[in-house]
Structure formats: C-alpha cells, structure tokens
Amino acid sequence: MRLEDKVIAITGSGSGLGRDAAKLFSSEGARIVVSDVVTGRAQKVAADITADGGAAIGIDVDVRIESDVQRLVDTAVEEFGRIDVMWANAGVPEPDFGKNLFVDSTLDDWNDIVAVNLTGIYLSFRIAARQMIAQGHGGNLLATTSSAAFVAYPGFPMYSATKAGGNGIVRGAAVELGRHGIRANALCPVHGMSVNFALPPEAEVLGKSYDEMQPWNPEHRAMPLDVGRPPTLRDNSHLALFLVSDDAAYMSGQTIQSVDGGTFARPAIVFSLRPR
Ligand SMILES: NC(=O)c1ccc[n+]([C@@H]2O[C@H](COP(=O)([O-])OP(=O)(O)OC[C@H]3O[C@@H](n4cnc5c(N)ncnc54)[C@H](O)[C@@H]3O)[C@@H](O)[C@H]2O)c1
C-alpha cells in the first residue's frame with residue numbers, strides 16, 4: 001500500500017498510460033479522480049476501479065479549459081477532502097500522426113497541440129499547486145512528456161517542442177514550489193506506450209502498447225533488452241508509481257525516461273552487436 005489514502009487526480013486517464021496507472025495506484029491504496037476529454041471514458045475507468053473495491057470518481061475534463069481543470073481539483077477536494085498528487089498526463093500527437101510535413105502545418109495545428117500538451121500542464125500544475133499550498137502539507141506534481149522532449153522523431157517537431165516545454169515547466173515549478181514541500185517531476189516515455197494514441201478518439205480503448213500489437217524482436221531495438229516479452233503500459237505505470245509515492249520524497253525537478261532507455265542508450269553511430 002505505497003499510496004495509502006493519497007488523493008490523486010490524473011488528466012487523460014480514460015485510456016492508455018493514465019488509465020493503467022489509475023488502476024495500479026488504486027491497488028496501492030490511492031483515491032483517484034479519473035478525467036478525460038472523451039465523454040464517458042473516465043467514468044468507465046472509475047467504475048472498473050470501484051468494482052474492484054477501490055475509491056474513484058470519473059469526470060469529463062478538457063485540459064485546454066481553465067474552468068475544467070479547476071473543476072478537477074475542486075472535485076478531488078469535495079469528494080476526498082484534498083489533493084495530494086496532480087498528474088498532467090493528457091496529450092495529443094501531431095495531426096495525421098506525423099505524416100504531415102512541418103512545412104505544410106498551419107498555425108491552428110501549432111495552437112491546438114500547444115493547448116493540450118503545454119497549456120494543459122501549465123493549468124494542471126498551477127491550479128493544483130494553489131490548492132496544495134492552501135492545504136499546507138506539500139504535494140506532488142507529475143507530467144507525462146516524452147522522449148521526444150530530448151530527441152527528434154520524423155514528423156513530430158511541434159510535438160517535440162511541447163514536450164520539451166513540459167520538461168521546462170517541471171524544472172521551473174520544482175524550484176519555485178520546493179519551499180512549500182511540493183515536488184514536480186516528469187515521466188518521459190519511449191516504449192511500451194498506448195496504441196490508442198495513434199487512433200481517433202472514438203476508437204475502442206485497447207489498453208495495449210504498440211509493442212504488444214506487433215511481432216516483438218528486441219534485437220531490432222536501440223536497446224536490445226530481452227526479458228522474454230515486449231514492454232507494456234504497466235512498465236511505464238511502475239515509474240509513475242515510484243514518482244508519486246513517498247519512495248521519491250526527495251526527488252524533484254527530474255525528467256526521467258521510462259522503459260528501456262533506448263533513446264539514450266546508443267550513440268548516433270550504430271556499431272553492430274556481435275551475433276549470439
Ligand atoms: N503513446 C505514445 O506513443 C506516447 C509516447 C510518449 C509519450 N506519450 C504521452 O503519454 C501521455 C498519455 O498518452 P497515452 O500514450 O496513454 O495515449 P492515449 O491516447 O491512450 O491516452 C491519452 C488520453 O488523453 C486524452 N486527451 C486528449 N486530449 C485531451 C484534452 N484536451 N483534455 C483531457 N484529456 C485529453 C485522450 O482522450 C486519451 O484518453 C500523453 O501525454 C502522450 O503525449 C505517448
């Protein structure tokens with residue numbers, strides 16, 4: 001019970017990483033406010049948690065809208081008495097999942113992705129931090145950014161910019177809020193992430209990683225780690241669990257790559273491995 005009685009709000013938790021982690025956090029004793037922009041997704045996750053004996057409420061929240069994020073924090077306080085953790089997890093990819101050329105993108109494309117991926121973190125952190133300061137017992141802010149904050153993926157320059165910006169907010173918030181006992185960190189995923197991210201909002205929530213949906217050969221990865229299975233959402237959720245738990249009580253301002261670290265594990269010049 002590493003999260004016993006902690007009250008945790010998670011944005012974008014009707015699918016993917018947030019959904020999986022909400023269930024893991026509940027099994028560790030947390031009370032969860034699940035939220036998502038797609039109507040009904042969050043309520044379904046909360047119902048699953050409640051059916052398993054946990055405490056959760058699901059609400060529709062669009063992280064681009066200030067009053068929605070305020071309602072998320074207010075719901076945590078009204079339902080569970082306070083907020084201990086705000087996890088700004090909601091995010092969107094580039095239009096057409098990277099198939100659009102940068103030169104063909106529009107200012108509307110830019111404003112849309114900034115509104116969710118960057119303004120969403122800003123609003124979630126700022127509004128939750130005000131409540132945490134008023135409560136007076138510290139608090140914990142977590143953002144989901146991406147390995148794209150550090151390196152380029154073809155077709156994702158605007159996405160990379162928003163995720164690098166998210167890591168910037170994390171460092172700045174950590175420095176400014178530390179005196180209130182409030183920590184801020186980012187989880188920067190690479191592998192084992194939600195296949196729904198590449199699907200339209202009306203798609204069924206699959207609860208699987210890309211890596212689970214295709215033939216898995218670790219030899220073809222930057223990090224050829226063979227543990228007999230592909231990486232999963234749960235592998236990412238475990239880092240989130242560590243970061244929101246008191247095990248990370250002295251960790252703040254960190255932006256940590258989750259799952260196999262392929263991005264940083266190899267030099268740009270690829271030397272081949274010896275055959276087995
Ligand atoms: N899947 C990946 O390839 C990948 C890789 C690295 C980082 N990430 C990041 O991980 C985070 C979680 O995504 P995921 O992989 O679980 O994908 P996902 O699509 O399964 O889940 C993201 C959820 O965010 C919700 N959402 C989108 N816009 C929103 C808004 N305006 N307000 C509130 N909710 C909104 C979606 O409805 C969805 O339920 C995102 O920040 C994403 O950028 C994803």
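One-based numbering along the sequence shown. One-based numbering, in listed order, for ligands and for the atoms of each.
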I want to know if ligand 1 touches V63 in the polar sense, i.e. an N/O pair below 3.5 angstrom.
yes
For atom 14 (P) of ligand 1, find the nearest protein heavy atom and state the residue, atom name and distance (0.1 Å precision).
S194 CB, 3.6 Å
Quick one: look at V195 and ligand 1, take heavy-atom pairs under 4.0 Å, and tell me if it's side chain, backbone, both or neither.
neither
Distance-only donor-acceptor check, side chains Q70 and E66, under 3.5 Å:
no
Could you walk me through whether H191 and R221 pass the side chain to side chain contact (heavy atoms under 4.5 Å, CB included) test, one step at a time?
CA-CA 10 Å; H191 294 141; R221 294 294 173 138; 2.8 Å; yes
Would you kindly say whether T75 and E78 are connected by a side-chain donor-acceptor distance under 3.5 Å?
no
Could you check whether R82 and H137, counting side-chain N and O atoms only, form a donor-acceptor pair closer than 3.5 Å?
no
Do any heavy atoms of L233 fall under 4.0 Å from ligand 1?
no
In the protein, which heavy atom is nearest to atom 35 (C) of ligand 1, and how far is it?
V37 CG1, 3.4 Å
Is R41 touching ligand 1 with its side chain, its backbone, both, or neither, if touching means heavy atoms under 4.0 Å apart?
side chain
Heteroatom distance test (L17, ligand 1): nitrogen or oxygen, under 3.5 angstrom:
yes
Give a yes/no on ligand 1: does K163 have at least one heavy atom closer than 4.0 angstrom to it?
yes
Is there a heavy atom in T11 that sits closer than 4.0 Å to ligand 1?
no
With a 4.0 Å cut-off on N to O distance, would you call D20 and K208 a salt bridge?
no
the protein heavy atom lying closest to atom 13 (O) of ligand 1 turns out to be F197 CD1, 4.0 Å
Protein contact to atom 31 (N) of ligand 1 [nearest heavy atom, distance to 0.1 Å]:
D62 OD1, 2.9 Å
Identify, by atom number and element, the atoms of ligand 1 in contact range of V38, meaning under 4.0 Å from any of its heavy atoms.
37 (O)
Are the ring centres of Y153 and Y159 closer than 6.0 Å?
no
What protein heavy atom sits nearest atom 7 (C) of ligand 1, and how far off is it?
T145 O, 3.2 Å
How far is atom 3 (O) of ligand 1 from its nearest protein heavy atom, and which residue and atom is that?
Y210 OH, 2.8 Å
Using the side-chain contact (heavy atoms from CB on, under 4.5 Å) rule, pick out the option among V85, N140, N185 that qualifies with L243.
N185
Check for a donor-acceptor pair, side chain of Q131 on one end and backbone N or O of A128 on the other, with a separation under 3.5 Å.
no
What heavy-atom pair brings L187 and N236 nearest, and what distance separates the two atoms?
CD1-O, 3.9 Å
What's the verdict on ring pair (Phe, Tyr, Trp, His ring centres under 6.0 Å) for F156 and F97, showing C-alpha distance, side-chain angles and the deciding distance?
CA-CA 8 Å; F156 285 83; F97 209 69; 5.3 Å; yes
Starting from atom 22 (C) of ligand 1, what is the nearest protein heavy atom, named by residue and atom, and what distance separates them?
G12 O, 3.9 Å
If you have a sec, work out which protein heavy atom is nearest atom 44 (C) of ligand 1 and how many Å separate them, to one decimal?
M193 CE, 3.5 Å
